[in-house]
Enquirer: 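Please read through the structure below; I'll follow up with questions.
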Amino acid sequence: MKARFIVSGVVFAVVPCVAQPPVQKVRIVFNAQVAGRPFACGATYDNVGSSHAQVTPLDLRFFVSHTELLTPDGAAVALSLDQDGIWQYRNLALLDFEDGTASCLNGNAGINNQILGTVPAGRYTGLRFQLGVPFELDHIPAATAPSPLNTTAMFWSWQDGFKFLRVEVATVASSHHANGFPLHVGSTGCAVLGFGDAPAEECAHPNRATVYFRIFDVDHDTVVFDLARLLAGVDLESPSPVHSPGCMSFSGAAACVAPMRALGLPFDGAPATEQSVFTRGARH
């Protein structure tokens with residue numbers, strides 16, 4: 001029963017305090033590699049792709065959303081992201097491994113390799129997240145969008161949406177002629193009505209990849225993104241005779257087949273598979 005006090009004819013009710021359920025802070029660390037070596041702008045890596053090319057990275061950024069921790073019985077608990085005004089917005093985070101130096105001059109100085117948030121206190125043994133921007137945020141204008149969606153390099157103007165994954169490398173052939181190979185993954189087949197007008201329905205090819213680890217310790221493990229795994233089946237030194245060099249998630253683009261499969265995405269009639277780009281690693 002609530003207590004009542006009368007002071008000068010005014011009745012005050014004392015409302016009992018309701019204890020808030022305890023929460024725990026979570027830090028999910030991401031680690032970018034190329035065949036096990038640390039990703040670094042200006043570095044060179046040998047034997048990448050089906051043609052065993054030597055490459056140097058130009059860019060590596062991607063959006064992660066709908067991050068969930070999994071309990072031992074398999075229940076999914078959404079991670080409530082810290083709203084830092086820079087790297088995280090609502091349930092979305094931008095992971096950025098380029099630093100705007102050396103071979104990555106088209107990038108920027110800021111880097112981010114972690115997701116920060118909270119979950120109800122408990123025991124969690126797994127992790128699941130989506131590579132991509134949620135549909136409800138995917139078609140907002142980048143010029144007026146909150147950070148990190150205002151990163152114009154991640155906006156696909158001709159698709160009126162965002163690049164979920166932006167990977168670019170330069171390959172050096174035996175003639176020492178450098179060829180750029182961009183790999184941009186995002187939704188395609190979108191019914192865009194006009195610049196700044198979001199489609200009412202999901203695009204024909206959403207291209208959002210789900211990454212799932214049945215076993216993952218957020219205090220000791222890292223999420224490893226390996227660029228060599230993504231490009232393993234790509235001939236980086238022979239551009240497509242039909243499309244421009246690289247992969248823009250177009251149907252019919254031969255250069256897209258292997259990386260889309262590596263991400264576990266259905267492509268050109270091939271069904272979705274288990275992704276192989278992200279693995280679990282130990283935090284150092």
Enquirer: To the nearest 0.5 Å, how far apart are CG in L236 and OG in S50?
Expert: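 If we round to the nearest 0.5 Å, L236:CG and S50:OG are 7.0 Å apart.
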Enquirer: Tell me whether F213 shares a hydrophobic cluster with V64, the cluster being built from Ile, Leu, Val, Met, Phe, Trp, Tyr side chains joined at under 4.5 Å.
Expert: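 Yes; V64 is reachable from F213 via cluster members.
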Enquirer: Might you work through the side-chain contact (heavy atoms from CB on, under 4.5 Å) test for F162 and T151, ending with a clear yes or no?
Expert: CA-CA 10 Å; F162 289 89; T151 306; over 6 Å; no
Enquirer: Identify, with sequence neighbours excluded, every residue that meets side chain to side chain contact (heavy atoms under 4.5 Å, CB included) alongside N150.
Expert: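 Checked N150 against side chain to side chain contact (heavy atoms under 4.5 Å, CB included); matches are S147.
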Enquirer: Minimum heavy-atom separation for A255 to G246, with atom names?
Expert: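 Looking at all heavy atoms of both residues, the shortest contact is CB-O, 3.6 Å.
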Enquirer: Verify, without hydrogens or angle tests, whether N112 (side chain) and Q114 (backbone) share a donor-acceptor contact under 3.5 angstrom.
Expert: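 Checked: pair present.
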Enquirer: One pair to check against side-chain contact (heavy atoms from CB on, under 4.5 Å): S249 and F164. What are the steps and the verdict?
Expert: CA-CA 11 Å; S249 303; F164 305 158; over 6 Å; no
Enquirer: L230 and V167: which non-hydrogen atoms are nearest, and at how many Å?
Expert: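 Minimum heavy-atom contact is CD2-CG2, 3.9 Å.
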Enquirer: Looking at side-chain heavy atoms only, is the closest gap between V77 and T71 below 4.5 Å?
Expert: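 Counting from C-beta outward, V77 and T71 do come under 4.5 Å.
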Enquirer: Check the hydrophobic clustering (I, L, V, M, F, W, Y; side-chain heavy atoms under 4.5 Å; chains of links allowed) and say if V26 and V29 are grouped together.
Expert: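 Looking at the clustering, V29 is in a separate group from V26.
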Enquirer: Rounded to the nearest 0.5 Å, what's the gap from CG on N31 to CZ on R283? Could you check?
Expert: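 Taking CG in N31 and CZ in R283, the distance rounds to 11.0 Å.
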Enquirer: Once rounded to the nearest 0.5 Å, what's the spacing between atom CZ of F39 and atom CG of L60?
Expert: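 So the CZ of F39 and the CG of L60 are separated by 4.5 Å.
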Enquirer: Are the side chains of N106 and L58 in touch, meaning some heavy atoms are under 4.5 Å apart?
Expert: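 N106 does not reach L58 side chain to side chain.
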Enquirer: Can you say whether the rings of F97 and F62 are parallel (under 30°), tilted (30 to 60°) or perpendicular (over 60°)?
Expert: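 Because their plane-to-plane angle lies in the 30° to 60° range, the rings of F97 and F62 count as tilted.
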Enquirer: State, yes or no, whether a side-chain contact exists between Q83 and Y89 at a heavy-atom distance under 4.5 Å.
Expert: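 Answer yes - side chains close enough.
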Enquirer: How long is the straight-line distance from CG of L183 back to CE of M260, given to the nearest 0.5 Å?
Expert: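 Going from the CE atom of M260 to the CG atom of L183 covers 8.5 Å.
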Enquirer: Could you see if L116 belongs to whatever hydrophobic cluster contains F30? Use Ile, Leu, Val, Met, Phe, Trp, Tyr and a side-chain cutoff under 4.5 Å.
Expert: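 As far as the 4.5 Å side-chain criterion goes, F30 and L116 are not connected within one cluster.
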Enquirer: Heavy-atom distance under 4.5 Å between the side chains of I28 and V223, does that happen here?
Expert: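 Touching, per the 4.5 Å side-chain cut-off.
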Enquirer: Is there a chain of hydrophobic side chains (I, L, V, M, F, W, Y, each step under 4.5 Å between heavy atoms) that links Y45 to V224?
Expert: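 Y45 does not cluster with V224.
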Enquirer: Do the non-hydrogen side-chain atoms of H66 and T210 ever get within less than 4.5 Å of each other?
Expert: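 Sidechains of T210 and H66: no contact.
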Enquirer: Any idea which heavy atoms bring I215 and R280 closest together, and the distance?
Expert: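 Of all heavy-atom pairs spanning I215 and R280, the closest is O-CD, 3.0 Å.
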Enquirer: Please name the pair of heavy atoms, one in Q88 and one in L81, separated by the smallest distance, quoted to 0.1 Å.
Expert: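 Residues Q88 and L81, closest heavy atoms: NE2-CB, 3.7 Å.
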Enquirer: Between D235 and S51, is any side-chain donor less than 3.5 angstrom from a side-chain acceptor?
Expert: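 The criterion, which ignores hydrogens and geometry beyond distance, is satisfied for S51 and D235.
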Enquirer: For residues 264-278, tabulate all N or O donor-acceptor pairs below 3.5 Å that involve a side-chain atom, not counting sequence neighbours.
Expert:
residue, atom, partner, partner atom, Å
D268, OD1, S251, OG, 3.4
D268, OD1, G252, N, 3.3
D268, OD2, G252, N, 2.7
T273, OG1, R261, O, 3.1
Q275, OE1, V277, N, 2.9
Q275, OE1, F278, N, 2.8
Q275, NE2, F278, O, 3.0

Enquirer: Show the nearest heavy-atom pair for residues P259 and V234, with the distance to one decimal.
Expert: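 Result for this residue pair: CD-CG2, 3.5 Å.
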Enquirer: Rounded to the nearest 0.5 Å, how far apart are CD of E168 and CZ of F181?
Expert: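 One gets 10.5 Å once the value is rounded to the nearest 0.5 Å.
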Enquirer: Should the heavy atoms of other residues, nucleotides or ligands under 6.0 Å from CZ of R37 be counted, would the total exceed 12?
Expert: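 Result for CZ/R37: enclosed.
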Enquirer: For residues 123-137, run the donor-acceptor check on the side chains, cut-off 3.5 Å, and write out each pair with its distance to 0.1 Å, sequence neighbours left out.
Expert:
residue, atom, partner, partner atom, Å
Y124, OH, P120, O, 2.6
R128, NE, E68, OE1, 3.0
R128, NH2, E68, OE1, 3.0

Enquirer: Listed by chain and number, what are the salt bridge (charged side-chain N to carboxylate O under 4.0 Å, His left out) partners of D138, not counting sequence neighbours?
Expert: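 In terms of salt bridge (charged side-chain N to carboxylate O under 4.0 Å, His left out), with neighbours along the sequence ignored, D138 is linked to R208.
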Enquirer: Which ILVMFWY residues are connected to Y212, directly or by a chain of links, through side-chain heavy atoms under 4.5 Å apart?
Expert: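 Listed partners: L70.
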Enquirer: Just verifying a value: how many Å separate L92 CG and T67 OG1, rounded to the nearest 0.5 Å?
Expert: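 One finds 9.0 Å between CG of L92 and OG1 of T67.
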Enquirer: Hey, does L263 have a side-chain heavy atom less than 4.5 Å from the side chain of L165?
Expert: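 When only atoms from C-beta onward are counted, L263 and L165 do touch, with a gap below 4.5 Å.
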Enquirer: Do the non-hydrogen side-chain atoms of M248 and H184 ever get within less than 4.5 Å of each other?
Expert: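 A side-chain contact exists here, since the closest heavy-atom pair is under 4.5 Å.
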Enquirer: Not counting sequence neighbours, list each pair that qualifies as a salt bridge (charged side-chain N to carboxylate O under 4.0 Å, His left out) and has a residue in residues 82-100.
Expert: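 Residue pairs with at least one partner in residues 82-100: K25-D82, R61-E98.
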Enquirer: Taking a hydrophobic cluster as the set of Ile, Leu, Val, Met, Phe, Trp and Tyr residues connected by side-chain heavy atoms closer than 4.5 Å, whether directly or through intermediates, do I111 and V169 fall within one such cluster?
Expert: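 Per the 4.5 Å side-chain linkage, I111 and V169 are not co-clustered.
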Enquirer: Would you check if V119 and Q24 make a side-chain contact, meaning some heavy-atom pair closer than 4.5 Å?
Expert: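 A side-chain contact exists here, since the closest heavy-atom pair is under 4.5 Å.
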Enquirer: Nearest heavy-atom pair of C104 and P57: which atoms, and what distance?
Expert: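 Taking C104 first and P57 second, the nearest heavy atoms are SG-O, 3.7 Å.
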